[in-house]
**Student:** 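Got a structure for you, written out below as structure tokens; questions coming shortly.
These figures come from a predicted structure and were not determined experimentally. Chain identifiers are assigned alphabetically (A, B, ...) following the order of the sequence lines, protein sequences preceding nucleic acid strands; residue numbering begins at 1 within each chain.
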Number of protein chains: 2
Amino acid sequence: MFNHGGGLHLNIQKEFGLRIQQLRKATGKSQEKFALSIDMDRTYLASIEAGKRNPALQNIKKIADGLEISLSDLFRDL
Amino acid sequence: MFNHGGGLHLNIQKEFGLRIQQLRKATGKSQEKFALSIDMDRTYLASIEAGKRNPALQNIKKIADGLEISLSDLFRDL
DNA sequence: TTGTGACTTGTAGTCCGTG
DNA sequence: GCACGGACTACAAGTCACA
């Protein structure tokens, strides 16, 4: 009866997507501007935020760098 | 002149590999036993530990679960 | 017990659009 | 600005034989 770490029963992709969306919005950037700033395709970023993709470590790192936070902080509360 | 834990110039794959190797060894399990426990191929785990792979979120999560730590803790100091 | 190269299959990731 | 889709290409996933 515990809920391992994070929000509800959303899967890890959805949780991750919501997390980066929240952090991106806090920067005031659009998906397109943010994606551009980290050299990532805009539609790919959108699908990650939607929880539809399973991004690999290098891209996760890229996002963390773009958000200017550590990987550990990126995964906080997940 | 010491490097405080994480940064270095190893790439993220190598850092991640070393990190999970360290944590796995702390559990006292062999690659084979640990891989088995998380339903992952032993040679695939070995190549991740060696920093030769770029694992995706689902597999990263699988490893964190197997180590019984949060993703945030898994990435601590990385 | 672990490392590695080679391989096939599935999907990560890119690029072009649309409402 | 965003969600969504089609059609691709690059590479992760997963497995094996052997060192």
**Student:** Name all stems that contain residues of DNA chain C, defined as runs of 3 or more consecutive Watson-Crick or G-U wobble pairs, both distances under 3.5 Å.
**Tutor:**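 Result, WC/G-U stems under 3.5 Å: C:2-19 with D:2-19.
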**Student:** Mind checking the CD-NZ spacing from B/Gln13 to B/Lys52? Nearest 0.5 Å is all I need.
**Tutor:**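 Answer rounded to 0.5 Å: 11.5 Å.
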**Student:** Would you kindly give the CG-to-C1' distance between A/Asn54 and D/dG14, to the nearest whole Å?
**Tutor:** 14 Å
**Student:** In terms of heavy-atom contacts, does CD of B/Gln22 have more than 12 from other residues, nucleotides or ligands at under 6.0 Å?
**Tutor:**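 Yes, because the 6.0 Å sphere around CD of B/Gln22 holds more than 12 heavy atoms from other groups.
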**Student:** CD/A/Gln58 to CG/B/Asn54 distance, rounded to the nearest 0.5 angstrom?
**Tutor:**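 Reported value, rounded in 0.5 Å steps: 4.5 Å.
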**Student:** Take atom CD of B/Gln58 and atom P of D/dC11, then tell me their distance rounded to the nearest Å.
**Tutor:** 21 Å
**Student:** Report the distance from atom CG of B/Asn59 to atom C1' of C/dG10, rounded to the nearest whole Å.
**Tutor:** 13 Å
**Student:** In Å, rounded to the nearest 0.5 Å, how long is the span from OG of A/Ser37 to CG of A/Leu67?
**Tutor:** 8.5 Å
**Student:** Hey, are the side chains of B/Ile20 and B/Leu45 touching, using non-hydrogen atoms and a 4.5 Å cut-off?
**Tutor:**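 Answer yes - side chains close enough.
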**Student:** Among residues 21-51 of chain B, which contact DNA chain D at a heavy-atom distance under 4.0 Å?
**Tutor:**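 Nucleic-acid contacts, sorted: B/Asp41, B/Thr43, B/Tyr44.
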**Student:** Send over the distance from B/Gln13 CD to C/dA12 C1', rounded to a whole Å.
**Tutor:** 14 Å
**Student:** Can you tell me how far the CZ atom of B/Phe16 sits from the CD1 atom of B/Ile60, to the nearest 0.5 Å?
**Tutor:**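 Going from CZ on B/Phe16 over to CD1 on B/Ile60, the span is 5.0 Å.
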**Student:** Could you tell me how far apart A/Lys52 (NZ) and C/dG13 (P) are, to the nearest whole angstrom?
**Tutor:** 17 Å
**Student:** Does the side chain of A/Asp65 come within less than 4.5 Å of A/Ile38's, by heavy atoms?
**Tutor:**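 A/Ile38 does not reach A/Asp65 side chain to side chain.
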**Student:** If you measure from CG on B/Leu71 to CG on B/Leu57, what distance do you get to the nearest 0.5 Å?
**Tutor:**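 One gets 7.0 Å once the value is rounded to the nearest 0.5 Å.
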**Student:** Separation of B/Arg53 atom CZ from C/dA6 atom C1', in whole Å?
**Tutor:**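 So the CZ-C1' distance, B/Arg53 to C/dA6, works out to 11 Å.
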